[in-house]
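These notes are about the structure you will find just below.
Each ligand, and each atom within it, is numbered from 1 in the order the structure gives.
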Amino acid sequence: MAELKAGLQDVVVATSSICSIDGQRGKLVYSGYDIHDLAEHSTFEEVVYLLWNGRLPKRSELEDLQQQLTENRTISQEMIDLLKRLPPPQHAMEALRTAVSALSLYDPEAEDMSAAANRRKALRLTGQMGTLVAAFGRIREGKDPIPPVPKLDHAANFLYMLEGKVPHADDARWFDIALILHADHSYNASTFCARVTASTLSDMHSSVTSAIGALKGPLHGGDNEQAMRMLLEIREPDRVEDYVHQLLAQKKKVPAFGHRVYRTEDPRATVLRRMSEALCRRSGQTKWFEMSKKIEDLMIREKKINANVDLYSASAYYVLGIPVDLYPLVFAVSRISGWTAHILEQYANNKLIRPLAEYTGPADLKYVPIDQR
Ligand SMILES: CC(C)(COP(=O)(O)OP(=O)(O)OC[C@H]1O[C@@H](n2cnc3c(N)ncnc32)[C@H](O)[C@@H]1OP(=O)(O)O)[C@@H](O)C(=O)NCCC(=O)NCCS
């Protein structure tokens, strides 16, 4: 039997040309392009094209994709009614998981596994994810959902649908950058789930629903929400030391720190730190940035553990006015692009994903009839 690696740590399970991570050097690359370069020069829509096609688009190709995404943002009245009928979820991600699963019931191509139909479904899911999240966010507050606006790009349109006002251009651009940074991360847990489901040749909606289930967990996408809850609980920068020391003394994990792959700074955190500082300053709420920085300094100094993607996105989303329990859903608004890219790649060269387990249970037991046990 092959060597067992708990949590598949360091195990290479497949090839992929979508995304690479160098955990030693802190590099994240989408189809050959460094994440820092993309964050500075690109847009979310351009990154979606890159992830789906393995190359940057020409201008006309980007305009086509922008138009197609825009045309596919609207969700049906049936979906809005469904969101209205849901009982209040215990975790907001339950609503998104249910909604995405339900989308397939209204998608005439749900079971069409042709490459062209799967591309169209990727487009619809990516276009609609933000609309679903914003609609859910408003409906549960007793407000009407706001329809998407074609003239706004994906990032600005999401903030608009959530709050009902066109965001400041700086806020919209920073959020666009956050979407770029969250778009893909190689074989992370949710993407792996999506690929496992796709590898059975199950449909795209099922694969994405699997991914959402994995993203929900506090060790993955649920962590950005935990990071903000921690900041809210700490309340003031001068309480950081006591709070974090207490967590560490209780052997608890500090949200938004540590990573399975990075052994140095998560390159997304480098950009998000600047984003948090800029947005917290502009909104006059610098304490959230200051607290995050203090926690980071303490964790590096005392534990040598770096912040990950979730630390500075938490405070940035907070000052953008995004409700805290929606943070993991906002992750999905971006990551849907990566999930669908991976599902398409899986379908294009499929091999059923079916690993082994080392059995550690009892052996050679004799069956005992039920009334003799
Ligand atoms: C991300 C994460 C799940 C990686 O897990 P992993 O690769 O299995 O690593 P482990 O959980 O085994 O951690 C390795 C060591 O670092 C410590 N560590 C890791 N993350 C920590 C954190 N956030 N706070 C405090 N200690 C941490 C562990 O306690 C462990 O210490 P030990 O060897 O003395 O027992 C883990 O770092 C974590 O739980 N972080 C908090 C949640 C989070 O930020 N998730 C989002 C990831 S993008």
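Protein residues with a heavy atom closer than 4.0 Å to ligand 1 are Pro218, Leu219, His220, Asp223, Lys253, Val254, Ala256, Phe257, Gly258, His259, Arg260, Met299, Ile305, Asn308, Asp310, listed by chain and number.
Ring centroids of His185 and His342 are separated by 6.0 Å or more, keeping the two rings apart.
Between Phe331 and His220, the ring-plane angle classifies as perpendicular under the 30° and 60° cut-offs. Using a 30° and 60° split on the angle between ring planes, His182 and Tyr317 fall in the tilted class, from 30° to 60°.
Clustering ILVMFWY residues whenever any of their side-chain heavy atoms sit less than 4.5 angstrom apart, transitively, puts Val254 in the very cluster that holds Leu298.
Between Glu109 and Arg120 a salt bridge is recorded (basic side-chain N to carboxylate O distance below 4.0 Å).
Nearest heavy-atom pair across Asp34 and Val29 is CA-CG2, 4.3 Å.
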